[in-house]
Amino acid sequence: MPEKRVTVASKVGLHARPAALVAKAAAAQPVAVQIAKAGGTPVAAGSVLNLMTLAAGHGDEVIISAEDAEGAQEAVDAIAELVASDLDA
C-alpha cells in the first residue's frame with residue numbers, strides 16, 4: 001500500500017477552499033485515495049466533508065495512502081503535493 005506523510009501547508013488547514021481542491025483532485029485519481037491524521041482513522045480524500053472532519057490544521061502531519069493498484073503511487077504523490085502546497089494563495 002503506497003503511502004506518504006506530509007505536513008499541511010495551507011494556513012487554514014484542510015478546510016474550505018483547500019479541502020475542495022484536494023477532494024476534487026483525489027476524486028479524479030484512478031484509485032481511491034485516503035487521508036488520515038497521524039494516529040487517526042483514514043477517510044476518503046475525495047470528499048470535502050471527510051477532509052473537513054479530519055480537523056487537520058496548518059502544520060499537522062497527515063498520511064495519504066491508496067490500495068495497491070496501477071497508478072496508486074502516482075495518485076498518492078499528486079495528493080501529497082497538493083496538501084504540502086499553500087492552497088490559500
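Note that the coordinates shown come from a computational prediction; the quantities given were computed from them, not determined experimentally.
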Checklist line | Set of residues satisfying salt bridge (charged side-chain N to carboxylate O under 4.0 Å, His left out) with respect to Glu61, sequence neighbours excluded | finding: Arg5
Check: Which residues pass the salt bridge (charged side-chain N to carboxylate O under 4.0 Å, His left out) test with Lys11, sequence neighbours left out?
Finding: Asp86
Minimum heavy-atom separation for [X] and [Y], please, with both atom names.
X: Gly71; Y: Val31; answer: O-CG2, 4.3 Å
X: Asp68; Y: Pro2; answer: OD1-CD, 3.1 Å
X: Ala80; Y: Val6; answer: CB-CG1, 3.7 Å
X: Ser65; Y: Met1; answer: CB-SD, 3.9 Å
X: Val33; Y: Ala26; answer: CB-CB, 4.5 Å

Item checked: Thr7/Asp60 under side chain to side chain contact (heavy atoms under 4.5 Å, CB included): CA gap, chis, key distance, verdict -> CA-CA 6 Å; Thr7 302; Asp60 286 348; over 6 Å; no
Check: Thinking salt bridges, do Asp88 and Arg17 make one under a 4.0 Å N-O criterion?
Finding: no
Margin query: Can you list everything that forms a side-chain hydrogen bond (donor to acceptor under 3.5 Å, both in side chains) with Lys37? Sequence neighbours excluded, please.
Written below: none
Rounded to the nearest 0.5 Å, what's the gap from [atom1] on [X] to [atom2] on [Y]? Could you check?
X: Ile64; Y: Leu82; atom1: CD1; atom2: CG; value: 8.5 Å
X: His15; Y: Ser10; atom1: NE2; atom2: OG; value: 12.0 Å
X: Glu67; Y: Gln34; atom1: CD; atom2: CD; value: 6.5 Å
X: Glu3; Y: Gln73; atom1: CD; atom2: CD; value: 10.0 Å

Checklist line | Stepwise side chain to side chain contact (heavy atoms under 4.5 Å, CB included) test for Lys4 and Asp77 | finding: CA-CA 7 Å; Lys4 188 174 263 191; Asp77 291 343; 3.0 Å; yes
Next item on the list: Tell me, with the steps shown, if Asn50 and Leu54 meet side chain to side chain contact (heavy atoms under 4.5 Å, CB included).
Entry: CA-CA 7 Å; Asn50 283 346; Leu54 278 179; over 6 Å; no
Margin query: Test of understanding: clusters of I, L, V, M, F, W, Y form through side-chain heavy atoms closer than 4.5 Å, transitively. Do Ile63 and Val22 belong to the same one?
Written below: no
Next item on the list: Determine, using the 4.5 Å side-chain heavy-atom cutoff (strictly less than), whether Leu21 and Val48 are members of one ILVMFWY cluster.
Entry: no
Notebook entry, point to check: Is there a donor-acceptor contact under 3.5 Å from the side chain of His58 to the main chain of Ala9?
Noted result: yes
Check: With Leu51, which of Val83, Val62, Ile35 fulfils side-chain contact (heavy atoms from CB on, under 4.5 Å)?
Finding: Ile35
